[in-house]
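The structure displayed is predicted, hence computed values, not measured ones. Indexing begins at 1, ligand by ligand and atom by atom, following the structure's order.
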Amino acid sequence: MIKLRLNKKIDENILASYQSEVTRINKMIDDKTGAGNDYLGWADWPVNYDKEELDRIIADAKYARDNFDILVVCGIGGSYLGAKCALDALKGLKSDDKMEIIFMGQTFSPNYVAQVLKYLKGKNFAINVISKSGTTTETSISFRLLKDLLESQVGKEKAKKAIYATTDKEKGALKTLCNIEGYATYVLPGDIGGRYSVLTAVGTFPLAVAGVDVKAMIEGAAKARKDFDNDDIKNNICYRYAVSRDYMLRNHYPVEMYVTYEPQMTQISEWLKQLFGESEGKEKKGLFPASATFSTDLHSLGQFIQDGSPILFETIINVVNPNEDIKIPETEDDLDGLNYLKGKDLAFVNQKAFEGTLQAHEETGGVPCNVIYIDKLDAETLGYLFYFFMRACAMSAYLLDINPFNQPGVEVYKKNMFHLLGKKGY
Ligand code: PA5
């Protein structure tokens, strides 16, 4: 489903030199014996997922599609980025779907929050609040405001039927609220952390409401699990990619830049930045994940990438067959000088921009470039891609001897903020 071409600094000898480490770590993932082993539920989720819950999610999503005009997804970090990136990638940035999906709970910005609340006033909306801990402040504040607005518009009882919650099975403030209010509730499994949760209800409920074929997405992930759950470094492209990242970090390339030529995939880069940044950035180790969307950013970051400090390598996700295309028309006067492209598709131009840039960066600029080719952007391929990256991330982090599944550093800003806000105990 996907093809990988690694950068020219990586050869078969380098990859083979990692074989024993890859064998050890793959077994550690399978046997769940490494650091953070109680958060490895995502590894078998594409085959072990709760089928009854998914059927209920699909039925509830159909009800929501038929009865509301807008779904507000309220979450942050891993409780938001997966659904957001899949939605953009699969529905595009100018979707005319009858169901509008809006994201909130990912910021304290008074401007953003006030704008969304104003926009929702008088509209027929439902809420999907997502929080594993049930206590994340950004999400909690937004949910309180959204709930207030909804109740003021439709009354307390009707509001209960318009609130869908995704949280821990047993614990947390949100779970307690769900029990009291009787919201439809889905589970974020205890052994799956936020940034590995896109294939659970965290992603599937909002995506199903948006009309995405979530079963196909999970099937794609199941195919990836079958392809990548082995230690064969000669053929397993997931681990070849993971190993190459480790090699680049150890050989003075501390930045990995994810690149797409599709603006609707920019959010996939955001998901990747969270996945890799939060999983690996510990103990003063890890690649810094950056991103760019070409050709747009060739007119901003392009100069640095071509000629600036040689600190980064690229990982380009190239979609071979775009879902839509447009032909460039001919004009009689050719005043803009574009008739040499008449009748050509934009996909052709975008592809040539990719090929020309790859050559410029690799050959002229000496920037190492990996390319991941995906045939097309659909739910199954995206599910496959999600799993590819999650498994690669676990392998990469373990190669650095890091627990991929915790995020102790995130607590520091929270403690300071709570102290400044006057929260009890801080
Ligand atoms: O990946 C993670 O674990 C985090 O990014 C969390 O998803 C994020 O902090 C939100 O947490 P919660 O779902 O508990 O509100």
Side-chain angles (χ1 to χ4, degrees), residues 35-43 45 72-86 103-109 113 127-147 163-178 183 185-207 267-282 286 289 386-387 389-394 396-397 402-418 423:
N37 55 352
D38 42 352
Y39 281 93
L40 271 159
W42 58 270
W45 182 257
V72 188
V73 180
C74 185
I76 193 168
S79 289
Y80 130 81
L81 284 162
K84 171 72 179 141
C85 81
F103 290 87
M104 201 165 136
Q106 82 285 32
T107 177
F108 292 124
S109 159
V113 172
I127 305 167
N128 178 204
V129 56
I130 308 174
S131 178
K132 183 167 181 171
S133 60
T135 53
T136 302
T137 318
E138 288 89 339
T139 306
S140 303
I141 291 178
S142 277
F143 181 54
R144 181 184 275 212
L145 292 163
L146 285 166
K147 189 167 163 272
I163 296 176
Y164 302 85
T166 306
T167 190
D168 188 84
K169 196 173 181 179
E170 283 148 8
K171 46 183 202 296
L174 182 56
K175 181 62 191 162
T176 311
L177 189 67
C178 291
Y183 304 145
T185 307
Y186 317 112
V187 175
L188 207 174
D191 59 355
I192 300 183
R195 57 192 175 276
Y196 296 82
S197 72
V198 58
L199 301 167
T200 72
V202 171
T204 53
F205 181 73
L207 290 171
Q267 281 293 326
I268 292 186
S269 301
E270 294 305 311
W271 179 80
L272 285 166
K273 277 150 72 174
Q274 192 218 358
L275 178 68
F276 285 101
E278 212 165 57
S279 297
E280 289 186 318
K282 288 158 213 172
F386 281 143
Y387 193 91
F389 280 119
M390 291 192 288
R391 189 114 192 173
C393 184
S396 279
I402 281 192
N403 175 352
F405 308 118
N406 64 1
Q407 51 282 330
V410 179
E411 296 312 310
V412 185
Y413 98 88
K414 289 187 193 168
K415 272 193 195 144
N416 293 348
M417 179 182 74
F418 290 147
K423 188 173 176 177

Nearest protein heavy-atom contact for [atom]: which residue, which atom, what distance?
atom	answer
atom 5 (O) of ligand 1	Gln274 NE2, 2.6 Å
atom 11 (O) of ligand 1	Thr136 OG1, 3.5 Å
atom 6 (C) of ligand 1	Gly78 N, 3.8 Å
atom 2 (C) of ligand 1	Glu278 OE1, 3.3 Å

>> Strictly inside 4.0 angstrom of atom 15 (O) of ligand 1, do you find any protein heavy atom?
In response: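 True for atom 15 (O) of ligand 1.
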Under a 4.0 angstrom heavy-atom cut-off, which atoms of ligand 1 come close to [X]?
X	result
Ser133	12 (P), 14 (O), 15 (O)
Gly194	1 (O), 2 (C), 3 (O), 7 (O)
Ile76	7 (O), 8 (C), 10 (C)
Arg195	1 (O), 2 (C), 3 (O)

> With only distance considered, is Ser79 within less than 3.5 Å of ligand 1 through an N or O on each side?
Replying inline: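 Yes; at least one N/O pair falls below 3.5 Å.
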> Would you say Thr139 has any N or O atom under 3.5 Å from an N or O of ligand 1, going by distance alone?
Replying inline: no
>> I'd like to check the ring-ring contact (aromatic ring centres under 6.0 Å, His included) partners of Phe418; sequence neighbours left out, ordered by chain and number.
In response: Tyr426
> Is the ring centre of Trp45 less than 6.0 Å from the ring centre of Tyr387?
Replying inline: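 Centroid separation for Trp45 and Tyr387: 6.0 Å or greater.
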Output yes when a side-chain donor or acceptor of [X] lies under 3.5 Å from a complementary backbone atom of [Y], and no otherwise.
X	Y	value
Thr139	Thr135	no
Thr167	Ser131	yes
Lys147	Ile163	no
Ser79	Gly77	no

>> When you compare the side chain of Gln267 with that of Leu81, does any pair of heavy atoms fall below 4.5 Å?
In response: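 Yes, at least one pair of side-chain atoms sits under 4.5 Å.
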>> Would you call the rings of Tyr164 and Tyr186 parallel, tilted or perpendicular, taking 30° and 60° as the class edges?
In response: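 It falls in the parallel class, under 30°.
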